[in-house]
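Worth knowing before you read on, the calculation uses all heavy atoms, side chains too, and leaves out hydrogens, waters and symmetry mates. Order of the sequence lines sets the chain letters (A, B, ...), proteins ahead of strands, with each chain counted from 1.
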Amino acid sequence: MRWKWIWAARPPRARIGLGIMAVVVGLLGVAGCGSGSATPFGVSKAWARPTAASQTTAAVYLRIDGGPDGDTLTGASIGADVAASAELHQTVSSASTTTMAPMGGMDPSDMNSGDDMSTMKAVTKVDIGAGKTVRFEPGGYHVMLVGLVHPLRAGQHLTLTLRFTTHGAKTVEVTVGDAAPA
Amino acid sequence: MRRGTTRGARSPAAVRWPCRFLVRAALGLAVGLAGCGGGGGGQISGIQLTPAPRVGAVSLPTAASPSAPFRFRASAGHLLLVYFGYTSCPDVCPTTLSDLRTALGPHGLGGLGRRVDVAMVTIDPKRDTTRVISNYLHTFFPHGTALRTGDDRLLRRAAEAFGADYAVTYGRRPQDEKVSHTAFVYAVDSRGAVAVQWSFGTRPPEYASDLRILLRRAAGS
């Protein structure tokens, strides 16, 4: 048997090594399949940066797990005491802006094309596939708060409502801080 | 099953492969450390253009005193970081400025951060009044210089010197405004040359590591 040969042909020290490797590889396998499939549908880790007094907009970042059936995010709303509206947005930048490798010898005029620019577009829906996780992160999707009533202060908590096709309205607590909650 | 295929793929000659694994792991770790250690090795991770764009001859009015032109040139031994952005930008601009603040702060450059000056040019002067842009920048950098001009030809000329670009279209409501912009951070040296530029998504340790190298050069020149 191939198995037996692999095991028996090795000196004891190598056997210990093989045993350790087997356990490590096995654990990796378990860790690999453990995430995702068992995560239920939900919105979590919502945060926003503190804003300057003169700032009228803010971005909320969060994580959506599609759960076993997935769902579609169709909109968001926020209390009138926080902002005038909450919209789904996406920052779009060309590949050349975000993946440009460090290099010399590039002509400055190459950097001047419209393709290198970042812009924001409104999004009407975001599909979250079954078993998938969609992260709203800087430089990608965000919920944009338009017409802030007061600046957002570090440590403050906001309540944001997200609308989904199947799961209906889901409220999530948004923590104001300089980084995503751990 | 998975273990079987993993082992089966190994050649019978690799009897001591757990040891090999250790060697490989050590090598991998060394490469990884070299990669994140950047500062020690002296490798710049940002973009260096050849020839470096010269911006020292360009100036823009400061928001604080519009009659005083601000030249894009670092003082001796310092670096000047320049960013073209706007305050109604909820995502890219605050992310960049916040990451820069981290890079210049106690967990980044520490004391060396005093040798880095920050200037932000608004590309949306219609909505970013002098008060708005100053307040915005000072939230991130209390000593930062806010730059603003209502003269689009002047703004365009400054942006072009850096290789920056922007487009702003105004709608009926404030939120209808559509803004596109290049999202680079530029490091200008005391000769008025753009030594390095970083694209959006650069992490604070990368900024800090590159800035350390640039500051060493600035001190030596």
message: For a quick test of reading the model, state the closest non-hydrogen atom pair linking A:T119 to B:K178 and the distance between them.
response: OG1-NZ, 4.0 Å
message: Quick check: closest heavy atoms across A:M144 and B:S88, and the distance to 0.1 Å?
response: CE-O, 4.3 Å
Contact check, side chains of A:H89 and B:P90, non-hydrogen atoms, under 4.5 Å: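 No, their side chains stay 4.5 Å or more apart.
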- prompt: Are there residues of residues 165-177 of chain A that reach to under 4.5 Å of chain B by heavy atoms, and which ones?
  reply: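 Near chain B, by residue number: none.
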task: Identify the residues of residues 46-64 of chain A whose heavy atoms come closer than 4.5 Å to a heavy atom of chain B, ordered by number, or report 'none'.
output: A:R49, A:A52, A:A53, A:S54, A:Q55, A:T56, A:T57, A:A58, A:A59, A:Y61
Donor-acceptor pairs under 3.5 Å, side chain of residues 122-130 of chain A to any protein atom, not counting sequence neighbours: which ones?
from   : atom 1 : to     : atom 2 : distance (Å)
A:K125 : NZ     : A:D127 : OD2    : 3.3
A:D127 : OD1    : A:T72  : OG1    : 2.7

field: Contact residues of residues 97-109 of chain B (partner chain A; heavy-atom separation under 4.5 angstrom)
entry: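 Within residues 97-109 of chain B, the residues under 4.5 Å from chain A are B:S98, B:R101.
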task: Counting only heavy atoms closer than 4.5 Å, note whether B:S180 contacts chain A via side chain, backbone, both or neither.
output: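 The answer is both parts of B:S180.
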message: Does atom NE2 (B:H143) have a neighbourhood of more than 12 heavy atoms from anything else shown, all under 6.0 Å?
response: no
query: Among B:T129, B:D128, B:V179, B:T202, which has the most heavy-atom pairs under 4.5 Å with chain A?
result: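 Result: the option with the highest number of such pairs is B:V179.
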